[in-house]
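Take a look at the structure set out below.
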Number of protein chains: 2
Amino acid sequence: MSSEVDIYQELKARLVSNRFEHGAKLRAEDLRKEFGCSASTVREVLFRLSTVGLADFQEQRGFRVPIRSSQKLIELTHLRILLEGEGTVLSIRNGGVDWEARLTAAHHKLSHIEKRIHAKDDPSDLVSIWFASENEFHQTLISACGSETLKQMHGRIYAQFRQQLMVADRRFEFISANIQHHASILDAALSGDEDLTRQKIHDHLARHLTGKTMGD
Amino acid sequence: MSSEVDIYQELKARLVSNRFEHGAKLRAEDLRKEFGCSASTVREVLFRLSTVGLADFQEQRGFRVPIRSSQKLIELTHLRILLEGEGTVLSIRNGGVDWEARLTAAHHKLSHIEKRIHAKDDPSDLVSIWFASENEFHQTLISACGSETLKQMHGRIYAQFRQQLMVADRRFEFISANIQHHASILDAALSGDEDLTRQKIHDHLARHLTGKTMGD
DNA sequence: TTATGCAATAATCTCGAAATTTTTTCAAAT
DNA sequence: ATTTGAAAAAATTTCGAGATTATTGCATAA
């Protein structure tokens with residue numbers, strides 16, 4: 001007995017973490033049974049997901065999981081760099097000690113899990129924890145920017161970014177570089193150097209601008 | 001006999017041009033008669049509009065026209081400066097002669113209508129033409145940026161920006177400065193000076209960052 | 001006078017079926 | 001063998017009624 005909000009959250013989580021095939025059809029009639037509701041309710045949820053870019057909708061042809069596209073990933077990366085850079089710079093200006101403390105805490109957690117992953121051969125059971133921690137760190141970066149609109153927009157871009165990347169990026173070959181990147185971003189942000197912070201956020205994401213990070 | 005897409009376009013146009021009262025209730029039951037369809041269809045349209053920020057939705061309390069908020073306008077302005085600046089700089093790099101020609105054409109039309117408005121005492125009958133021309137100019141600025149995602153995001157921010165501003169800004173006291181601004185943006189863009197272009201876009205919108213451009 | 005609770009009213013939300021549209025199947029013709 | 005077209009099947013969209021939830025009006029108590 002799920003409410004519409006619950007169904008939305010559940011389907012969003014599945015779409016973002018790629019538990020559907022890319023390009024797969026999302027049939028309201030199929031999903032209704034699982035959630036114990038009517039097709040109309042599922043349809044409404046899928047509509048909402050399509051407007052935030054996590055599902056594709058075509059008139060008279062229903063819903064699909066967005067296909068993977070290196071062009072799309074490049075665009076999303078570009079926007080992440082732009083929005084995350086701007087939001088972090090604003091947080092530096094407005095955030096104060098409270099924000100610095102929260103950022104340090106978020107980085108500590110992320111750093112801890114990334115070191116565990118780095119030490120493991122098969123870190124697949126840590127994927128969901130890592131995902132949550134990485135999400136929290138990047139959200140915390142912009143959390144004190146003072147603009148709900150920017151945060152909402154960044155959240156949508158971040159979700160689509162993950163949807164594009166998550167399958168391909170599961171082997172964590174990048175984890176060693178990432179540990180450095182996240183530490184550099186933290187240091188730059190705490191030092192209050194706005195240009196350096198923007199640069200470190202750019203460097204962290206730059207490999208996805210090449211169009212070569214999607215291949216399996 | 002309107003299709004759902006038509007209803008969406010019509011309601012969007014009304015919301016963006018403020019033909020509803022700010023804060024007014026949007027009752028599906030009331031709107032259904034006008035469009036000759038069922039309440040469910042209107043409801044679905046309102047849902048989609050709420051996810052792009054043009055309507056507010058609260059569980060079990062229906063839909064409302066977003067209220068005016070100087071904070072919201074500041075946030076939207078900030079994002080317009082960011083996205084329009086970035087999109088225009090990318091267009092400068094990627095656009096080529098074709099983009100320059102389209103931009104010059106869009107500016108010519110906008111300049112023409114703005115001069116007519118400047119010469120008139122009561123330009124209210126030119127509002128909708130001006131709105132379309134201004135929209136086209138700013139869309140053309142970013143049209144060659146190469147990122148559909150950026151363009152879509154900018155379009156949503158621009159629509160919300162208009163929704164917040166349009167009522168208050170009808171008297172066109174700003175039009176004289178605007179003529180200069182648009183010309184400066186065009187010149188900077190055609191000269192290929194990226195920093196200057198960003199600066200001119202910022203200057204054009206800066207008055208909305210003060211929080212004092214909403215009062216009637 | 002103000003506050004509280006209950007009933008009446010009005011609104012929203014969910015649902016399954018009917019209507020519409022697309023896709024598939026299969027036979028006939030080139 | 002390939003193409004064309006009609007019929008059948010499957011999927012999507014629209015709809016209005018019933019169920020649920022919020023709001024209003026009014027009487028009673030503090």
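Proteins get letters first, then strands, A, B, ... in listed order; numbering begins at 1 in each.
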In whole angstroms, how far is the [atom2] atom of [N] from the [atom1] atom of [X]?
| X | N | atom1 | atom2 | value |
| --- | --- | --- | --- | --- |
| B/E4 | C/dT21 | CD | C1' | 14 Å |
| B/Y8 | D/dT13 | OH | P | 16 Å |
| B/R64 | C/dT12 | CZ | C1' | 13 Å |
| A/I7 | C/dC15 | CD1 | P | 8 Å |
| A/E29 | C/dC15 | CD | C1' | 12 Å |
| B/D6 | D/dT14 | CG | C1' | 15 Å |
| A/Q58 | C/dT23 | CD | P | 9 Å |

Between A/R61 and A/S40, just flag the one whose closest nucleotide in DNA chain C comes earlier from the 5' side.
A/S40
As a test of reading the structure: which of [options] is closest to the side chain of [X], going by heavy atoms?
| X | options | result |
| --- | --- | --- |
| A/R27 | C/dC15, D/dC15, D/dT12 | D/dT12 |
| B/E44 | C/dG16, D/dT14, C/dA11 | D/dT14 |
| B/Q60 | C/dC13, C/dT14, D/dC15 | C/dC13 |
| A/R32 | C/dA11, D/dG16, C/dG16 | C/dG16 |

Answer yes or no: does a side-chain N or O of B/R43 lie under 4.0 Å from OP1 or OP2 of D/dC15?
no
Using OP1 and OP2 only, check whether a side-chain N or O of A/K25 sits under 4.0 Å from D/dA11.
no
If you look at every strand shown and take non-hydrogen atoms under 4.0 Å, does [X] touch a base, only sugar-phosphate, or nothing?
| X | result |
| --- | --- |
| B/F63 | nothing |
| B/F47 | nothing |
| A/E59 | sugar-phosphate |

[atom1] ([X]) with more than 12 external heavy atoms under 6.0 Å:
| X | atom1 | answer |
| --- | --- | --- |
| A/R14 | CZ | yes |
| A/E21 | CD | no |
| A/H22 | NE2 | yes |
| B/K151 | NZ | yes |

Taking B/E75 first and then B/R80, would you say they form a salt bridge - that is, a charged N and a carboxylate O separated by under 4.0 Å?
no
